[in-house]
Structure formats: C-alpha cells, structure tokens
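The structure appears right after this line, and notes come after that.
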Amino acid sequence: GCGGDEQPGAAPPATTVAAATTTAAAGPATTEPAVLADGRHPVYLKTVDAGRQTITFDLIQFFTGDAATKAAAEDGEESPPPNDYYIRNVNPRLRTLPVRAGAPITVNVLAAQSTGSSTKDVPVTLAELAGYFPNSGTPPFWITVAQGKVTKMAQQFLP
C-alpha cells in the first residue's frame, strides 16, 4: 500500500531504477553494472558468475496480503491470488551487479521433520548458488544493495 507501513515479507515501495546495459556489436556481449537504489529488491536471478562475482537479474515486484489482491486485480489476474502473494514483472530488462565478497546468501531447502516437511534457509556460497538451479526458472530472491553492490541475497519461500 501507500501507507508507508512496511510489513515483514511485504514488497518495498516501487523504486525508480536507471541502468546502463550495452551489447558490443562485435565480440561477446558485455553488460555494464546497473544502477540500483540502495535497499532490498525482489528479483529473478538469470545468471550467477562466481568468477567475476556478479549476478544478472530481472527486477520484479512482489506483493503480499491486500497489496497482492489489489495488484492481481489491476492486472486482470485471479484476485485474491493463490497463496496470498502476487508477482508482477512488467519489464524484461536484465541488470548486472557485483556481489560483495562474503555476502550472505541463503536458499530454501526442504527439511524433513518428525511431523512432516518444512523449509529452512541454508547458507551457500556464490559458487554454490551458480549451480543450484539447473533449470532456468529460478524462484524469486531478495537482494540487498548498498552503494552499487549486492550485500545480501535470500531466496523467497513460495508455498
């Protein structure tokens, strides 16, 4: 919403993003680092380059609760949305940012428990993350950006 009250797991307010991405006419494609406001942003990871310490991602909007119901209705989708979340991805532009050495990264894994199954966040390295999702369809992640670098990455649990 517009009230300014941020709830845990709620999407941050929309952020204006400026990015410079270029592709060389001859030779391999090159991507300049994107400019992304400091803060926490929901993204779909597209590539993880552990050697260069960079990630390339698609910035998305992640809504929960009443905001999810409103956004889904605005987009002509099922409202309220299943599982109380809605993802809007209106811009396919990819952005690339460096990842700070030692930045904490967590992924969700199933954790068998005596009463059933649940998920838990497990720390991984950037190199481990690079091979974590063999299929191109990765779940959403939240990245925290400070001064043009990713300082934290956490996979968003989706039921």
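Keep in mind it's a predicted model, so treat the numbers as computed, not measured. Just so it is clear, the values below take in all heavy atoms, side chains as well, and ignore hydrogens, waters and symmetry mates.
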With sequence neighbours excluded, residues passing side chain to side chain contact (heavy atoms under 4.5 Å, CB included) with Asp84: none
Of all heavy-atom pairs linking Asp49 and Arg52, the shortest is OD1-N, 3.0 Å
Check side chain to side chain donor-acceptor pair (under 3.5 Å) between Asp38 and all other residues, then give those that pass, not counting sequence neighbours. none
Tyr85: which residues meet the ring pair (Phe, Tyr, Trp, His ring centres under 6.0 Å) condition with it, sequence neighbours left out? Phe62
Hey, mind stepping through Leu45 and Met153 against side-chain contact (heavy atoms from CB on, under 4.5 Å) and telling me if it holds? CA-CA 10 Å; Leu45 294 178; Met153 298 171 58; 3.7 Å; yes
Looking at every heavy atom in both Ile60 and Asn89, which two are closest together, and how far apart are they? CG2-CG, 3.7 Å
Look at the side chain of Gln53 and the backbone N and O of Val99, then say whether any donor-acceptor pair between them is shorter than 3.5 Å. yes
Please name all residues satisfying side chain to side chain contact (heavy atoms under 4.5 Å, CB included) with Ala154, sequence neighbours left out, ordered by chain then number. Thr106
Tightest non-hydrogen contact, residues Pro139 and Gln155, listed as CG-NE2, 3.1 Å
Please check: side-chain N/O of Ser79 versus main-chain N/O of Thr69, any donor-acceptor pairing under 3.5 Å? yes
Testing the basics here: between Leu97 and Gly148, what is the closest heavy-atom pair and its distance to 0.1 Å? CD2-O, 3.4 Å
Tyr44 side chain near Pro140 side chain, heavy-atom distance below 4.5 Å: yes
Checking Thr96 against Thr56: is there a side-chain donor and acceptor pair closer than 3.5 Å? yes
What are the two closest non-hydrogen atoms of His41 and Ala37, and how far apart are they? NE2-O, 2.7 Å
With Asp75 via salt bridge (charged side-chain N to carboxylate O under 4.0 Å, His left out) - residues at least two apart: Arg88
Write out all pairs satisfying salt bridge (Lys or Arg N to Asp or Glu O under 4.0 Å) with one or both partners inside residues 58-71, taking only residues at least two apart or from two chains. Lys70-Glu74
Where do Ala50 and Leu126 come nearest, in terms of heavy atoms and distance? CA-CD2, 4.1 Å
Look at the side-chain heavy atoms of Ile, Leu, Val, Met, Phe, Trp and Tyr, link any pair under 4.5 Å apart, and say whether Phe157 and Tyr132 land in one connected group. no
